[in-house]
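Numbered from 1 within each chain, the chains take letters A, B, ... in sequence-line order. The shown structure was predicted, so the numbers you read here are calculated from the model rather than taken from an experiment.
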Amino acid sequence: MSKTKRSHLKNTLKESLRMALQAIRDNKLRSILTLLGITIGVFSVIGVMTAIQTLESSINSGLNVFGSNTFNVQKYPAIQMGGHTRNKYRNRKNITYRQFEELSRRAKLPLLVSVSDGRGGRSIKYKDKTGKSNLYVVGGDAWTLRLYNTFLGDGRNLTEQDVDFSRRVAVLGMDVVDQLFPFEDPMGKKFTIDGIGYTIVGVSERKGEMFGESQDNYLLIPITTFLNRYASHRTSLDISVEAPSAELYDKTREEVIGLLRVIRKVPPGEENDFEITSNDELIATFGTFTNGVKLFAIAISTIALLVAGIGIMNIMLVSVTERIKEIGIRKAIGAKRRDILFQFLAEAVFLSEIGGIAGVILGILGGNLVSLAFNIPAVIPIDWAIIALVVCSLIGIGFGSYPAWRASKLDPIESLRFE
Amino acid sequence: MSEPMISLKEITRVYDVGAEKVYALAGVDVDIHNNEYLSIMGPSGSGKSTLMNIIGCLDSPSGGLYNFEGESVHTMDDNQLASIRNQKIGFVFQTFNLLPKLTALRNVELPLIYANIPKDERMVQANLALEKVGLGDRVKHKPNELSGGQRQRVAIARALVTNPAIILADEPTGNLDSKSGEEIMKLFDELHAQGNTIILVTHEAYIAEHADRTITILDGKINTDITKHIKRDVS
Ligand SMILES: Nc1ncnc2c1ncn2[C@@H]1O[C@H](COP(=O)(O)OP(=O)(O)OP(=O)(O)O)[C@@H](O)[C@H]1O
Ligand SMILES: [Mg+2]
């Protein structure tokens, strides 16, 4: 009994589906126009979700720019949202080399305290050759490479002495080597930047690209040397602190914050006049940003899908009216109410499902343009795709129910007589 | 005589047109037995189609008693009525009433879909029914690719395909020329010979001639009910 019932259901569904397909084929243009709303709604949410997921997956790894157990101290936050708070940061005191020295001397917990600054858009000269003018000059110390997860490829790292004596030495990124020393050993060679001559003491290992940008287009010189040449009234340094272990991370952070408040003379009760940034905080900040975008996309697509649902209801009502005669014929040869109901419901669900599938495909393609642009691996947000298709079915059922019910209630004689 | 297949007692069908009541049927009594060949005649508007629709369980009477195979139709719900239309009755209409987008085969297959017959079997039976009406070579044609007579034969195949006991035909030759009409009538004769009960409405006396019994209706009432006493030559 239940087996025949199940086969009956399967039969009915299959037939409903076939009739739905036929009906859609008969009214291609009209169907496509109706589908469009669904497609746009699904596209917007899937596109945004794909794009964000792409960014997320690479940013969560990309944001691990700092080594573990490490945090940064800066004047400005790493990611700023909105422009209105900018003044608050600008009026803060700069972070100076003296402050760094004092912190470094007084802090007991950190494994290391490092300082750095950077200046972009520099151009390097070697003999009669000039490199591209987009070089990033980093002033740092013996720890800078380590803190940015970079390894030495050849030669030596910067030393404390290099910093103490403001030596004019440099460690090169691989891009500079590619540009200026394609066929010779750079070690010990002399070059100039912004009128200052340096000696090459080391070369770092190649890091490759992130978000489509090379990570190797830099050179590292001692921070003191850097400040001698580039310091201005706007110079504010980045201090990086590495805790000895994950367990001591919070304590270390507290000690550094406390000391910096003393050093920078922040009155008790006032908030810090500097920003602490860590991988976790970068990820969290990015998270609040993406959540906003996600909500926005969901809102947009909800409206689009609602409008599309009304479109489907409208088209189904028209379809029922156009096919009154057909409904009459079907009833005359034995179609039950639920057969007719199924037929029109299936058509509505099918219609919105086709639109939904198109939206999912376009959305995944569109969203992955982001991954193409940033040269990061593509993703397929399966969970959102499934949600979208389920929602499409619900829209079909929700907005198709009334027209289908109307069709099923039609009187066979009156329908047959309808011209 | 055995119990009638169809038994109508004082059947009325009233339409409310404005404040006025139109009696399409004003008390019809008729019994129809298994394997009868019955024609219904009468002037336009006399209630022939109304009577057919009630017999075919497409329409419900306003009053009176209707027993189909001994069961009261009044107590049946929509689903049961649909089942009767599907299993027991085959309709043939004056205007064919085929679905224009579907091929002959698909049109004939439709009642089997609602009878929940599996696909393979549907194809076999639909093809068989089309062969029976002489359209074995036209199964893939759509209605607009067929002549009027061929369309009506598709409609007859559709009526036959579930092996119903009764074929109801409302002016089946009304839209056909006399030659096609004769061919259709030959089909009905054969069906009757094979044991089907046939009820047909017609305006033409020579069509009614095919039947064994002829009822005439006037103003929603049975006027005459004549049974021929010639035994047909069943060959
Ligand atoms: N839906 C309706 N509303 C009001 N009156 C109706 C309706 N359907 C039928 N009638 C009336 O019922 C009467 C019988 O109609 P019916 O269609 O049964 O006639 P008929 O004998 O089949 O005529 P014809 O030979 O022209 O087909 C007619 O007077 C008609 O006007
Ligand atoms: Mg009529």
Report which part of [X] has an atom under 4.5 Å of a heavy atom belonging to chain B: side chain, backbone, both, or neither.
X: A/Q22; answer: side chain
X: A/R25; answer: neither
X: A/R330; answer: both

(request) Would you please go through residues 67-80 of chain B and name the residues with a non-hydrogen atom below 4.5 Å from one of chain A, in numerical order? (result)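 Result: B/D78, B/N79.
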
(message) Applying a heavy-atom distance below 4.5 Å, give me the residues of residues 48-59 of chain B that approach chain A, sorted by number.
(response)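 B/N53, B/L58, B/D59 fall under the 4.5 Å cut-off.
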
(message) Is it the case that atom CD in A/E322 sees more than 12 heavy atoms from other parts of the structure closer than 6.0 Å?
(response)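 Result for CD/A/E322: enclosed.
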
(message) So for atom CZ, which belongs to A/F296, do other residues, nucleotides or ligands contribute more than 12 heavy atoms lying within a distance under 6.0 Å?
(response)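 No, because the 6.0 Å sphere around CZ of A/F296 holds 12 heavy atoms or fewer from other groups.
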
Which atoms of [X] come close to chain A, meaning under 4.5 Å heavy atom to heavy atom: side chain ones, backbone ones, both, or neither?
X: B/L81; result: neither
X: B/L98; result: backbone
X: B/I113; result: side chain

(request) Applying side chain to side chain donor-acceptor pair (under 3.5 Å), run through B/Q94 and B/N175 and close with a yes or a no. (result) CA-CA 6 Å; B/Q94 177 176 359; B/N175 278 22; 3.1 Å; yes

Test item: [X] side-chain N/O and [Y] main-chain N/O as donor-acceptor pair under 3.5 Å:
X: A/E326; Y: A/R323; value: no
X: B/N107; Y: B/A104; value: no
X: B/N127; Y: B/M123; value: yes

(request) Inspect the contact between B/R151 and B/E145 and indicate whether a charged nitrogen and a carboxylate oxygen are less than 4.0 angstrom apart. (result)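 Salt bridge between B/E145 and B/R151, a charged N being under 4.0 Å from a carboxylate O: no.
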
(request) Could you tell me whether B/R106 and B/E109 make a salt bridge, using a distance below 4.0 angstrom between a side-chain N and a carboxylate O? (result)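 Between B/E109 and B/R106 there is a salt bridge, with a charged N closer than 4.0 Å to a carboxylate O.
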
(request) Give the member of B/Q87, B/K119, B/K101 that has the highest number of heavy-atom pairs under 4.5 Å with chain A. (result)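 The answer is B/K101.
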
(message) I'd like to know which of B/I84, B/T162, B/I117, B/L99 tops the heavy-atom pair count under 4.5 Å against chain A.
(response)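 Of B/I84, B/T162, B/I117, B/L99, B/L99 has the most heavy-atom pairs under 4.5 Å with chain A.
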
Do you see a donor-acceptor pair shorter than 3.5 Å between the side chains of [X] and [Y]?
X: B/T197; Y: B/N35; result: no
X: B/Q125; Y: B/E121; result: yes
X: B/T202; Y: B/E171; result: no

(message) For B/S180 and B/R153: C-alpha separation, side-chain torsions, deciding distance, then whether side chain to side chain contact (heavy atoms under 4.5 Å, CB included) applies.
(response) CA-CA 10 Å; B/S180 315; B/R153 280 192 272 164; over 6 Å; no

(message) If you define the side chain from C-beta out and look only at heavy atoms, does anything of B/V133 sit under 4.5 Å from B/L160?
(response)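 SC-SC contact between B/V133 and B/L160 confirmed.
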
